[in-house]
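Below is one structure, written out as structure tokens, with a few remarks after it.
All values derive from a computational prediction rather than experimental measurement.
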Amino acid sequence: LIEGAREADADDSQIGDLVSALGPETLVIFISDHGNAPIKKYFHFNNWLQKKGYLVRRRQWSLGGLVYRLGLNRESAVKLGSTPLGKLATRVVSLDLLQSIFHRLRTTSGRLGSLETVKAVDWSKSKAVMIGDGFLYVTLPKGSREYEEFRTKLIQEVAAVTDPDTGEAVCDAFRPEEVYKGDLMEDFDPVAWPKEGYTILVPMIEEDRLWTPSFDDGFTGDHYLLGTFLAHGPEIRKGLRVEKICLYDIAPTILHAMDAPVPTDMDGRVVLELFREGSPLAGKAIAYKESEKEKMAQRVRALKRGGKL
């Protein structure tokens with residue numbers, strides 16, 4: 001709805017238009033999948049792992065590195081775009097191709113692409129690599145004493161990282177069981193999450209630095225944990241500020257509002273305090289139904305007992 005909006009008043013206007021068009025009897029829920037916050041600095045996590053000796057990098061030739069050493073990076077490409085040659089290129093080459101080329105260029109600090117970073121790792125000699133935003137991969141055998149000791153040490157060291165200029169803590173680090181649940185917990189390794197004002201980057205940089213300014217690639221803001229939730233309708237409490245709500249809670253709350261049962265294995269809760277006191281939705285008991293997963297498990301067990309599986 002408002003993906004292209006650039007100002008808060010534009011967002012508010014579009015939401016108002018939507019609510020008016022749907023009418024006063026319609027329940028409207030507006031959510032964002034994340035918030036946004038200004039960035040003070042980028043923290044190059046894999047460079048930090050390399051400095052700690054936990055990541056070993058293979059030195060290899062790459063086209064991206066050659067182009068960077070020849071002086072072509074994103075900043076110089078932007079300057080080139082304003083020259084007669086650059087303007088000619090925009091007329092004879094498709095915009096999609098030019099954008100693809102641009103995003104493959106390194107930044108002024110020589111940041112590698114994510115895939116280039118993964119290819120640069122010597123996996124046989126590395127203990128830990130960040131392979132996604134916040135997701136660490138530990139190469140040691142899971143369940144071993146060495147793995148547990150290293151995991152504990154790594155979490156403590158990540159949490160102790162501070163901004164060299166301000167002394168502020170940069171990351172939170174968690175064991176997977178602190179943030180996940182389910183049957184596949186054993187497949188997860190520690191998770192690192194940046195504090196407000198910082199962004200963790202997977203791509204490594206050529207230079208021996210752990211920090212780059214936020215404007216190095218043109219961005220001064222990034223995703224933030226706290227997002228936006230708005231609700232409007234005849235049974236919604238007016239002026240309520242919901243203090244404890246997460247994305248998990250949206251689906252069961254909508255099912256409750258639609259008089260549909262909530263699966264017993266669905267994450268989250270029905271946010272009953274959202275509804276006006278005395279309204280049907282506030283007073284109605286939450287209906288639950290057996291999960292499809294459990295039904296399937298029962299069917300499999302029945303087939304096994306009958307010798308059909």
Side-chain angles (χ1 to χ4, degrees), residues 1-11 13-14 17 32-50 55 57-123 129-135 137 194 197-224 227-228:
L1 171 65
I2 60 169
E3 187 68 28
R6 298 301 180 193
E7 299 178 3
D9 57 352
D11 295 356
S13 175
Q14 291 189 37
D17 291 343
S32 65
D33 58 337
H34 57 78
N36 199 272
I39 308 170
K40 300 173 185 176
K41 290 179 181 177
Y42 287 135
F43 176 51
H44 294 271
F45 202 98
N46 279 325
N47 282 79
W48 176 79
L49 289 173
Q50 182 182 26
L55 183 154
R57 182 176 169 186
R58 293 189 294 115
R59 295 297 175 182
Q60 59 181 9
W61 179 89
S62 71
L63 180 59
L66 176 62
V67 170
Y68 173 73
R69 286 187 285 274
L70 291 175
L72 183 59
N73 54 51
R74 292 186 182 181
E75 183 180 36
S76 60
V78 170
K79 293 179 180 178
L80 180 62
S82 62
T83 66
L85 179 61
K87 293 177 181 178
L88 175 63
T90 60
R91 291 196 293 269
V92 299
V93 181
S94 72
L95 181 60
D96 287 344
L97 179 58
L98 288 174
Q99 289 179 335
S100 176
I101 294 172
F102 177 80
H103 287 295
R104 290 174 184 272
L105 294 175
R106 297 184 181 178
T107 64
T108 52
S109 62
R111 188 193 311 168
L112 284 65
S114 296
L115 181 59
E116 194 177 4
T117 292
V118 172
K119 288 182 177 180
V121 174
D122 187 332
W123 293 91
V129 182
M130 180 167 279
I131 55 176
D133 291 341
F135 299 104
Y137 178 73
Y198 298 93
T199 290
I200 293 174
L201 289 182
V202 175
M204 301 182 74
I205 54 177
E206 292 283 7
E207 302 173 23
D208 186 23
R209 288 194 291 162
L210 303 182
W211 310 90
T212 52
S214 62
F215 52 80
D216 181 54
D217 61 357
F219 291 96
T220 57
D222 202 359
H223 294 179
Y224 181 54
T228 300

Tell me if the centroids of the rings in F45 and F43 come within less than 6.0 Å of each other. yes
Run the side-chain hydrogen bond (donor to acceptor under 3.5 Å, both in side chains) test against Y198 and tell me which residues pass, sequence neighbours left out. D163, E168
Hey, could you give me the [atom1]/[atom2] distance between [X] and [Y], rounded to the nearest 0.5 Å?
{"X": "L210", "Y": "K41", "atom1": "CG", "atom2": "NZ", "value": "10.5 Å"}
{"X": "I39", "Y": "T212", "atom1": "CD1", "atom2": "OG1", "value": "9.5 Å"}
{"X": "L201", "Y": "N47", "atom1": "CG", "atom2": "CG", "value": "10.0 Å"}

Are M130 and I200 packed together at the side-chain level, in the sense that at least one heavy-atom pair is separated by less than 4.5 angstrom? yes
Mind checking whether V121 and R57 have side chains closer than 4.5 Å, heavy atoms only? no
Contacts of type side chain to side chain contact (heavy atoms under 4.5 Å, CB included), residue N36, not counting sequence neighbours: none
The criterion is side chain to side chain contact (heavy atoms under 4.5 Å, CB included); which residues satisfy it with T228, sequence neighbours excluded? F30, S32, L230
Intermediate values then yes/no, side-chain contact (heavy atoms from CB on, under 4.5 Å), W211 and W48: CA-CA 9 Å; W211 310 90; W48 176 79; over 6 Å; no
